[in-house]
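Working notes for the structure below.
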Amino acid sequence: MSRSILLPLLADGEFRSGQDLADALGVSRTAVWKQIRRIAADSGLEVESVRGRGYRIPGGVDLLDATAIHDGLNARARELLAELLLLDSIDSTNVELMRRAQAGVARGTVCSAEQQTAGRGRRGRHWVSPYAGNVYLSLLWEFDQGAAALEGLSLAVGVAVAQALRACGVPDVRLKWPNDILHGGAKLGGILMEMTGDAAGACQVVVGLGINVAMPAGAAGDIDQAWTDLRGACGEAAPGRSALLAALLNELLPLLADFHRDGFAAWQQRWMSLDAHADAPVVLETGASRLAGTARGVDERGALQLETGAGVQSVYGGEISLRAAT
Ligand code: BTN
């Protein structure tokens, strides 16, 4: 019996007796008890056990629901979605799609998981990915025109994510160049794009997105920067993970399908209107080097426009990080 079979029976947060669970699953009460212990140990979820009442997950758990996600898709997203993989646990949804890309899987394949055991962030960082806490989403697309045609794509993804969040009732999302999604000045999510194939010809791109929805207190200790989650930003009005996932696919699949035609120029003004650091003093950090200036938005290729005493220079992405000057 896997936990993805048992957990839905406890997802609503109500008590269910061991016998009730055993009957529903066609196993013994001992098997249920062993699985409950394993769930608590592996997922970090709290499963309460009370004599005479049974088991419950206090507060319930918001599991990904394939039907709800499909129901939330608009006609264009349905047409563009090749396959939706909803996994219980995986090292990284990005890595999984990179593996599948190498095995020849089609564009429009999407992967999400309840948990990542080796979630990847930018600049070699670990992405904290607790069970059923947040959204971990990767999309695979193929481009025929090589890496040059992808300029600015990850910035356009940020705009699409802000649009999806707005559609879910989360206003005031801002973007931090190049790939951070902010709310109230703290990091709500991030984007990691990875590529395989021919940099000058047909290449496959995996767009990975992490959005903090309800970060368990125990998991947050590993995060080394100011962060927030949708529960903190919106309280009870925070969207559920399945509704959010559908809204994200409604924005991201059309973006990926049309980007070869429109490029970043079609997104530049929208990116500028969401820029968290517009005309603010900033410091750019690349490894040990630091460059101070004023952020003046981005150009039509997605390069940051940094104004220093020497004039305005274009800064391209990569291993660069931007901070507000203190
Ligand atoms: C960042 O450092 O800001 C980027 C974080 C990207 C995290 C997402 S979660 C889904 C996908 N799978 C990964 O391993 N990373 C990305």
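Atoms within a ligand are numbered from 1 in the order they appear, just like the ligands themselves.
One option in I90, T93, N179, L192 has a heavy atom closer to atom 10 (C) of ligand 1 than any other, and that option is T93.
Contacts with ligand 1 closer than 4.0 Å are made by side-chain heavy atoms of K187 only, the backbone lying farther away. In R125, neither the side chain nor the backbone holds a heavy atom less than 4.0 Å from any atom of ligand 1. Residue V95 does not touch ligand 1, judged by heavy-atom distances below 4.0 Å.
To the nearest 0.5 Å, the span separating CG on L140 from CD on E96 amounts to 11.0 Å. To the nearest 0.5 Å, atoms CD (Q305) and CG (D299) are separated by 4.5 Å. Taking CG of L7 as the reference point, atom CD1 of I36 lies at 8.0 Å (rounded to 0.5 Å).
Atom 12 (N) of ligand 1 has as its closest protein heavy atom Q116 OE1, 2.9 Å. Nearest protein heavy-atom neighbour of atom 5 (C) of ligand 1: W127 CE3, 3.4 Å. Remark: minimum distance from atom 2 (O) of ligand 1 to any protein heavy atom is reached at R122 N, 2.7 Å.
Every atom of ligand 1 with a heavy atom of S92 under 4.0 Å away is listed here by number and element: 12 (N), 13 (C), 14 (O). The distance from ligand 1 to the heavy atoms of L137 drops below 4.0 Å at these ligand atoms: 10 (C). Within the listing of ligand 1, atoms 14 (O) sit less than 4.0 angstrom from a heavy atom of G119. Close approach to R120 involves these atoms of ligand 1, each under 4.0 Å from a residue heavy atom: 5 (C), 6 (C), 7 (C), 13 (C), 14 (O), 15 (N), 16 (C).
A donor-acceptor pair shorter than 3.5 Å can be found between the side chains of R38 and Q35.
Side-chain atoms of R174 do not come within 3.5 Å of backbone N or O of G185 as any donor-acceptor pair. Side chain of D91 to main chain of T117: no donor-acceptor pair is present (N/O by atom type, distance under 3.5 Å, no hydrogens or angles).
Across every non-hydrogen atom of M272 and G297, the tightest pair is SD-CA, 3.5 Å.
Cation-pi geometry between R29 and W33 is not met: the NZ or CZ atom fails to fall both under 6.0 Å from the ring centre and inside 45° of the normal.
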